[in-house]
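Just so we're on the same page: letters track the sequence lines, and every chain starts at 1. As the structure is a computational prediction, the values presented were derived from the model and not from experiment.
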Amino acid sequence: MIEFRDVTFRYPGSDIDVLRNLSFRIPGKGVTAMMGANGSGKSTSALLMNGILTPASGVVEVDSVPTTEWNPQSDLRRLVGVVFQDPNLQFTSMTVEREIAFGLENAKIPFDLMRGSVEEFLGRFDLSGIRDQSPASLSGGEKQRVALASVAVSCPHYLVLDEATTLLSPRARRKLLADAIAEAGSRESALVLITQFPDEALLADHVVIIGNGAVVLQGGPEVLAASAAELIRLGVPVSLRDRLIADEY
Amino acid sequence: MNIEIRDVLYSYPVRNGSSKPALNGVTLGITSGECVGIIGPEGSGKSTLLLLLKGLLQSERGSIHVGETNVLTRGSAGKALRAKIGLSFQFPAEQFLSQTVREEIRFGMHDRSDDRLAECLTETGLDPDRYLDRSPFHLSMGEARRIVLASLLMRRPDVLLLDEPTVGLDGDGLSVLTRILRRESERGVTILLVSHDLDFLAEHATKMFGLADGRVVIEGPLARVVSNPEGLNAVGYELPEITRIHEQLWDSGQVPRGEFLRSRELRAFLRRLKPKGKG
């Protein structure tokens with residue numbers, strides 16, 4: 001389980017708290033969706049989960065250990081894999097193939113095992129045809145697929161997708177999420193979807209809505225339909241039908 | 001401004017010295033003041049098309065005219081043309097050049113007044129007092145997208161090219177974008193929207209083009225394209241929610257089959273369909 005307890009965070013040089021006494025839990029298995037308005041602290045929360053950022057006050061625990069106490073920190077990064085909103089921020093390699101192998105190389109996975117995993121994930125994410133290309137030269141949607149594959153290949157127990165499928169065509173997005181949810185089910189691992197798509201949040205077992213750096217609503221996916229007017233007030237996207245009915249389009 | 005794209009070929013170099021066509025013989029015409037939606041799977045050439053239209057890439061073959069002028073025209077005429085074409089990138093942070101939001105929005109502009117700048121920022125739903133002195137590089141994607149939009153509005157473009165403008169936007173941001181696009185359309189601005197969000201496109205576009213492997217594979221009026229499951233399937237899409245809502249209205253005879261309503265008219269119908277005592 002990932003647990004935020006009274007977490008406050010502010011970026012250096014800023015006078016605004018992005019998160020204010022934020023408390024919530026992400027179960028150790030199943031699908032959790034996080035939604036919220038722009039600047040509400042969703043991406044910051046993702047970076048706190050794997051220790052890239054640390055709270056100013058409060059604590060983020062992963063499997064009952066505060067993120068600041070994981071030693072080495074690389075163990076925490078392997079346990080909690082975050083796919084960034086902007087894939088350009090996470091590329092480090094000259095080719096797609098090397099990018100996918102990068103995490104496994106750092107984890108000192110034996111070569112034959114690594115070779116097999118890279119091949120499997122190139123195929124699974126439909127990247128075999130562009131394996132020799134530079135990630136930087138790809139289209140936005142292709143970059144997102146590379147970023148996803150390069151994190152998923154390490155099989156983190158907690159896979160956090162921070163609006164990581166936004167540039168995929170609807171069919172590709174649907175398939176990728178269905179695969180990720182099925183895998184979380186079979187591995188009994190956890191998938192965290194940070195999303196602005198109501199249809200993605202409806203796939204989750206648990207939904208957390210953040211507003212102004214704090215949890216304003218949480219529960220099963222049914223809260224999305226039941227609270228459409230409240231979500232609109234908070235700036236959270238709702239389905240087209242709910243938006244039209246609420247006179248907000 | 002009319003846009004005429006004729007037989008355009010553009011290839012990106014790949015690692016082994018060969019090249020891969022991103023656009024291969026694309027021809028399309030857009031009438032001045034029209035709002036056009038462009039769809040297609042990843043790598044189909046949508047973003048490349050916008051970069052060519054802004055004159056940031058040079059095609060290997062074919063031509064692109066905006067108004068009467070080739071977009072690659074040298075000298076002051078070409079420069080003036082390209083200044084009237086506003087482009088927002090898929091990843092907003094890729095187009096930031098300045099250390100503060102204030103400098104970013106007025107980058108390269110003679111008008112240094114804070115009033116116009118604050119007005120444009122406010123239009124995008126961001127509070128100038130809270131944002132003008134912040135770094136654009138320290139914002140969420142949704143906030144960054146609004147900054148780009150503000151800097152485009154500042155320049156009063158005649159052509160708007162928006163690459164996935166809804167990505168990262170929250171519900172409020174989507175309402176803001178919708179309002180701005182409606183107004184710019186009424187102002188006669190020619191608008192090209194690259195988006196996977198067919199519900200969003202259905203609110204604004206009158207014509208659609210679908211690309212696959214660098215070629216135009218579907219084109220037509222909005223209603224025809226978004227209600228054609230086979231055509232959408234060819235470019236990786238499914239029937240959107242807006243079409244499914246319309247199908248109910250068509251089946252019930254409340255709207256003539258094939259006619260597509262914008263949200264304002266559609267809302268009235270949905271209210272009538274809404275069960276009493278709910279919501």
Side-chain angles (χ1 to χ4, degrees), chain A residues 11-14 16 35-44 85-89 94-95 126 130 132-134 137-145 163 166-174 196-197 199 228-229 231-249, chain B residues 12-16 20 22 39-48 90-94 125 130 134-135 138-143 145-146 163-164 166-175 178 196-199 203 232-233 235-238 240-242 245 263-264 266-267 270-271 274 279:
Chain A
Y11 283 98
S14 167
I16 299 163
M35 299 186 84
N38 291 151
S40 60
K42 304 181 298 296
S43 298
T44 302
Q85 206 170 29
D86 182 347
N88 295 305
L89 301 177
M94 294 301 289
T95 69
D126 197 18
I130 52 173
D132 293 327
Q133 289 192 43
S134 160
S137 72
L138 302 175
S139 78
E142 289 168 333
K143 283 179 182 174
Q144 285 193 328
R145 279 195 276 128
E163 299 193 42
T166 47
L167 298 174
L168 303 184
S169 70
R171 190 171 56 204
R173 184 165 67 85
R174 190 182 296 269
Q196 297 286 6
F197 292 117
D199 63 322
L231 295 178
I232 289 169
R233 194 186 62 74
L234 292 166
V236 177
V238 297
S239 73
L240 176 67
R241 191 178 287 262
D242 285 338
R243 202 156 70 233
L244 287 166
I245 290 171
D247 212 6
E248 282 291 326
Y249 201 51
Chain B
Y12 288 103
V14 289
R15 206 172 142 74
N16 54 14
K20 182 184 165 196
I39 57 176
E42 310 93 75
S44 58
K46 307 182 297 298
S47 300
T48 303
Q90 209 166 43
F91 297 107
E94 285 183 351
R130 216 180 135 201
R134 290 174 72 176
S135 164
H138 291 170
L139 301 175
S140 75
M141 187 179 280
E143 291 170 316
R145 214 169 272 294
R146 294 180 196 223
D163 197 350
E164 297 289 357
T166 64
V167 166
L169 284 185
D170 58 15
D172 177 61
L174 192 59
S175 298
T178 295
H196 289 310
D197 186 342
L198 290 178
D199 291 328
E203 181 58 22
L232 290 175
N233 189 45
V235 288
Y237 291 63
E238 294 153 353
E241 190 174 3
I242 188 87
I245 293 171
S263 61
R264 285 169 183 155
L266 189 52
R267 197 156 48 222
L270 285 175
R271 282 198 173 136
K274 188 178 157 190

When heavy-atom pairs shorter than 4.5 Å are enumerated against chain B, which of A:Pro87, A:Ser40, A:Gly41 gives the highest number?
A:Pro87
Could you walk me through whether A:Gln133 and B:Lys20 pass the side chain to side chain contact (heavy atoms under 4.5 Å, CB included) check?
CA-CA 11 Å; A:Gln133 289 192 43; B:Lys20 182 184 165 196; 3.9 Å; yes
Output for pair (A:Asn38 CG, A:Ser43 OG), nearest 0.5 Å, gives 9.5 Å
For chain A, find which of B:Gly168, B:Ala93, B:Gly125, B:Ser47 contributes the most heavy-atom pairs closer than 4.5 angstrom.
B:Gly168
The reported gap from CZ in A:Arg243 to CD in B:Glu203 (rounded to nearest 0.5 angstrom) is 9.0 Å
Are A:Met94 and A:Ser134 close enough that some pair of their side-chain heavy atoms sits under 4.5 Å apart?
no
For the atom pair CG (B:Leu198) and CD (B:Glu238), what is the distance rounded to the nearest 0.5 Å?
10.0 Å
Sort A:Arg173 into side chain, backbone, both or neither according to what part of it lies under 4.5 angstrom from a heavy atom of chain B.
neither
Report which part of B:Asn233 has an atom under 4.5 Å of a heavy atom belonging to chain A: side chain, backbone, both, or neither.
both
Using non-hydrogen atoms and a 4.5 Å limit, figure out which bit of B:Arg134 sits close to chain A: side chain, backbone, both or neither.
side chain
If one checks every heavy atom of B:Leu139 against chain A at 4.5 Å, the contacting part turns out to be neither
What residue, out of A:Leu138, A:Leu89, A:Leu167, has the most heavy-atom pairs lying under 4.5 Å from chain B?
A:Leu167
Side chain to side chain, A:Arg241 and B:Ile245, heavy atoms closer than 4.5 Å
yes
The interface call for B:Glu143 against chain A, heavy-atom contacts under 4.5 Å, is both
First locate atom CG of B:Leu174, then atom CG of A:Leu240, and finally report the distance between them rounded to the nearest 0.5 Å.
9.5 Å
Of the listed A:Val236, A:Leu168, A:Thr166, A:Asp199, the one with the largest count of heavy-atom pairs under 4.5 Å with chain B is A:Leu168
If we ignore angles and hydrogens, is there a donor and acceptor under 3.5 Å between the side chains of A:Gln85 and A:Glu163?
yes
Segment of B:Tyr12 engaging chain A (4.5 angstrom heavy-atom cut-off):
neither
Between A:Pro237, A:Ser139, A:Gly141, the one whose heavy-atom pairs under 4.5 Å with chain B are most numerous
A:Pro237
Give, as side chain, backbone, both or neither, the part of A:Ala37 having an atom under 4.5 angstrom from any heavy atom of chain B.
both
Check whether more than 12 heavy atoms from other residues, nucleotides or ligands sit under 6.0 Å from atom CZ of A:Arg174, and answer yes or no.
no
Under 4.5 Å from any heavy atom of chain B, what part of A:Gln196 do you find: side chain, backbone, both or neither?
side chain
Report the distance from atom CZ of B:Phe91 to atom CE of B:Met141, rounding to the nearest 0.5 Å.
6.0 Å
Please look at A:Ile16 and chain B and tell me whether the side chain, the backbone, both or neither of the residue comes under 4.5 angstrom of a heavy atom of that chain.
side chain
In Å and rounded to the nearest 0.5 Å, what is the CG to OG distance from B:Asp199 to B:Ser263?
11.0 Å
For the interface with chain A, which of B:Glu94, B:Lys46, B:Arg145 has the highest count of heavy-atom pairs at distances below 4.5 Å?
B:Glu94
Mind ranking B:Leu232, B:Asp172, B:Leu169, B:Leu266 by heavy-atom pairs under 4.5 Å with chain A and telling me who comes out on top?
B:Leu169
So, the part of B:Ile242 with a heavy atom under 4.5 Å from chain A: the answer is both
Okay, A:Lys42 and chain B: the region with an atom under 4.5 Å from a heavy atom over there is neither
